Amino acid sequence: MTAASKTQKMTLVQAVTQALKQEMERDESILVLGEDVGKDGGVFRATDGLIDAFGEERVMDTPLAESGIIGVSVGLAVAGYRPVPEIQFMGFIYPAVNQIFAHVARYRHRSRGQYPMPMVIRMPYGGGIHAPEHHSESYESMLANTPGLTVVIPSTPYDAKGLLISALRSDDPVIFMEPKRIYRSFREDVPEEPYTVPLSKAAVRREGNDVTIISYGSMMRPALEAADFLARDNISAEVIDVRTIAPVDVETIVTSVEKTGRAVIVHEAPTRSGFGAELSALINERALLHLLAPVQRVTGFDTVFPFAMMEAHYLPNRQRVVAAVQTALEF
Amino acid sequence: MGYKKLFRGETVRLEILNKDGKADKKSLPDISQDTMIQMYRYMRQMRAFDEKALNLQRQGRIGTYGSLRGQEAAQAGLAVNLNEKDDWLVPSFREHGVMMSLGVPMHLIYAYWKGDERGNISDKGIKCLPPSVPVGSQLLHATGIGMAMQKKGLPGVAVGFAGDGATSEGDFHEAMNFAGVFKARTLIYIQNNQWAISVPLKKQTAAESLAQRGWAYNVASMQVDGNDVLAVYEASRLALEHIRNGNGPYMIEAVTFRMGDHTTADDHSRYRTPDLIAYWEERDPIMRMKTFLINEKIMTQADDDAITNDVTKAVDSAVKELEAMPAPDPMHIFETMYAEKPWYLVEQQAMLRDELNQEKR
Ligand SMILES: Cc1ncc(C[n+]2csc(CCOP(=O)(O)OP(=O)(O)O)c2C)c(N)n1
Ligand SMILES: [Mg+2]
């Protein structure tokens, strides 16, 4: 990106749409497919206008079958396309899990490198939008636990565009989890030109010395709000946006914790065997002697994601992050 | 040697009432006037419930809501044939019509759409499972219940509900196949409202009908005009009789039309034309039954007015009941996860309790 490039204020979901459009213009092998991605432009409008720009041959409304959508994407990829299948909500990924785990993630290896799987599986994830049952889940840890997958979770419009373009140019399968709670919650300047943000590279959103708050996706918001709040008490929090949870950028995280000596991990998925456990293990393996307190986790409960009336109780918020930081400081 | 004919099947469609409420007299089912009125009443109750739900949603008194407008006949014609003592309902998310007809309290259905988990299930002893959102997945449960009833020699039937879109999921095909193999006492009931959100049926399948799929699994099947409550009645009666007599599973495809948005989170004007809606408006299931009942002197306008009065009252009192429900208890998030609560749920529950107590102070 050049310094002179023009920018446009846009939301995260608009940045996704723009990345798809610009890459489809550049690369004719990209196909978009999924439930309602065509005429409707996706239930969140993430693929809005693509069918008008590229036609039904490249933007396909599919039958309602997640296993089918991912399974045919494997075939399309083998035959030379770059499919971009959409799973309408992450809560409906299960029928596709067989294809993702058994095939998408393993194809490069099983074919001894002959058939990599250039595929970006997009899906909105997470809660906080008062949706019906199964529309609020965050299942990133099971995907991060599947060797062969790259799992990306942007938290800003700028990153959404740049990370998605990187994903679309990658020859490996990328799971692109879109935080739907912040699809439209704020706008920021996004360069009009295509640009990339590197995969597997975390971002330090805020520098600090007393504690490292590590998060990603829609939980970046309470993480940053907590840092602001703590600053009033002269507590200086460093805030890291992991951005790609697999393969994860261990260096940025470890370097920060070595400096601060304390780590608080925030995600909305349940605690047990969640991605926070992996982060905590990495920190313990590589920075144990720098730690001044046990690693803290602020997460969703180990329960079914509650219906809309109760979801505010479930989701991590600023207060819980602040409390965890205080626990770490007082240890 | 050479080619031999292996299979040839035929799939039928049943229609009785035309759009103007004129019945094909020779196919009229043997049915009492009371039952006809009952079905009409059910449909009116569903419509009143639905209109109120859309109002409540607009006012923010419930959350995202999935309307069943247009599908009343497809649910009422089946409901009058079911027996809440023996039969199981395995619903998806657009079956509130058949649920309320069998006695699931309307205020609980509103509560469900309000985002209140108490709306998932009623304590009235009705064999109705919580609505299933993962499209098509519940059909296998209906097959499983039907297998259990077959093994136990029970008189009931399990009715698994799904939409046209759901028939594209593998689970639909597995449910049909298992039902066929195990002679499950199961009715696979597909409300083909011709749309799966924005995707029309012709993009869902290259086949002319969904009912013809029954042949592939040796599950008896038929299509019915789902906006014709008399035809739905007769198709359901035949199907249930077939199953109750131990002849194995049945599949019905009721062809109907979703008159409104997929849910209140959708905007169907993005993918459907006003002409299409107008076409189906003329085929409204309630209007045609009303015309029939009045023309045949089975019902008077005064009877109809009394029904209007009754269904409105019932809906109003359901809303009252809904809004009189005490706020749900956040502690319930942790209950009923396991028979015995693991240590970490005990801890998390205590944490939330502390938080809430602090807020109160
Ligand atoms: C497995 C799964 N995938 C996607 C969805 C999102 N979704 C909810 S309803 C729906 C369309 C369902 O269409 P259909 O089966 O025809 O039922 P209808 O809504 O028309 O009653 C979709 C795609 C879901 N609930 N479950
Ligand atoms: Mg449908």
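These numbers come from the heavy atoms of this one structure, side chains and all, not from hydrogens, waters or symmetry mates. Naming convention: chains lettered A, B, ... in sequence-line order (proteins, then strands); numbering from 1 in each chain. Since we're looking at a predicted model, the values are computed, not measured.
Interface check for chain B: of the options A:Thr271, A:Val43, A:Asp302, the most heavy-atom pairs under 4.5 Å are formed by A:Asp302. In terms of non-hydrogen atom pairs under 4.5 Å with chain A, the most contact-rich of B:His268, B:Met351, B:Gln349, B:Gln348 is B:Gln348. Note on A:Gly38, A:Ser67, A:Ala308, A:Ala323: by heavy-atom pairs under 4.5 Å with chain B, the leading option is A:Ala308. Highest contact tally toward chain B, considering only A:Arg272, A:His134, A:His313, is held by A:Arg272 [criterion: heavy-atom pairs under 4.5 Å]. Heavy-atom pairs under 4.5 Å with chain B peak, among A:Met60, A:Arg320, A:Gln319, at A:Arg320. Here B:Asp116 is the residue among B:Asp266, B:Thr205, B:Asp116, B:Thr167 with the most heavy-atom pairs under 4.5 Å with chain A. When B:Pro328, B:Gly63, B:Ala166, B:Ala196 are compared by the number of non-hydrogen pairs under 4.5 Å with chain A, B:Pro328 comes out ahead.
When heavy atoms are compared at a cutoff of 4.5 Å, A:Phe301 approaches chain B by way of both its backbone and its side chain. For B:Val199, the parts lying near chain A are the backbone and the side chain together; criterion is any non-hydrogen pair under 4.5 Å. Of the two parts of A:Pro306, the backbone and the side chain both hold a non-hydrogen atom closer than 4.5 Å to a non-hydrogen atom of chain B. Using a 4.5 Å cut-off between heavy atoms, B:Ala327 makes no contact with chain A at all. Looking at B:Glu355, only its side chain comes within 4.5 Å of chain A, counting heavy atoms on both sides. With a threshold of 4.5 angstrom between heavy atoms, B:Leu345 approaches chain A through side-chain atoms but not through N, CA, C or O. In this structure, chain A has a heavy atom under 4.5 Å from the side chain of B:Asn120, while its backbone stays farther away. Only the backbone of A:Thr62 comes within less than 4.5 Å of a heavy atom in chain B; its side chain stays farther off.
To the nearest 0.5 Å, the span separating CD1 on B:Ile333 from CD on A:Glu311 amounts to 10.0 Å. Here CZ of A:Arg45 is found 6.5 Å from CG of B:Asp267. Values are rounded to the nearest 0.5 Å. With values rounded to the nearest 0.5 angstrom, A:Gln88 atom CD is found 4.0 Å from B:Ile197 atom CD1. How far NZ of B:Lys114 is from CZ of A:Phe307: 14.0 Å, rounded to the nearest 0.5 Å. Note that CD of A:Glu133 is 7.5 Å distant from CD of B:Glu117, once rounded to the nearest 0.5 Å. B:His262 NE2 to A:Asp40 CG: the interatomic distance, rounded to the nearest 0.5 Å, is 10.0 Å.
Crowding of A:Arg106 atom CZ: a count of heavy atoms from other residues, nucleotides or ligands under 6.0 Å not exceeding 12. Residue A:Lys21 places its NZ atom among 12 or fewer non-hydrogen atoms of other residues, nucleotides or ligands, all under 6.0 Å distant. Remark: B:Tyr271 OH is packed, more than 12 non-hydrogen atoms of other residues, nucleotides or ligands lying under 6.0 Å away. Atom CD of B:Glu323 sits in a crowded spot, with more than 12 heavy atoms from other residues, nucleotides or ligands closer than 6.0 Å. The number of heavy atoms from other shown groups lying within 6.0 Å of CZ (B:Phe93) is above 12. By the 6.0 Å contact criterion, CD on B:Gln59 is enclosed, its count of non-hydrogen atoms from other residues, nucleotides or ligands being greater than 12.
Between A:Leu64 and B:Gly165, the closest heavy-atom pair is CB-O, 3.4 Å. Minimum interatomic distance between A:Met310 and B:Pro330 (heavy atoms only, all atoms of both residues): SD-CA, 3.4 Å. For the pair A:Pro63 and B:Gln204, the tightest heavy-atom approach, listed with the atom from each and the gap, is CA-OE1, 3.0 Å.
Side chains of A:Tyr314 and B:Leu352 form no contact here, defined as non-hydrogen atoms less than 4.5 Å apart.
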### Query
Given the rule in the salt bridge (charged side-chain N to carboxylate O under 4.0 Å, His left out) test, do A:Asp48 and B:Arg270 qualify, once you have shown the distances and angles that lead to the verdict?
CA-CA 11 Å; A:Asp48 197 16; B:Arg270 284 176 70 91; 3.0 Å; yes

#### Entry: Stepwise side-chain contact (heavy atoms from CB on, under 4.5 Å) test for B:Met337 and A:Val304
CA-CA 8 Å; B:Met337 281 301 304; A:Val304 165; 3.8 Å; yes

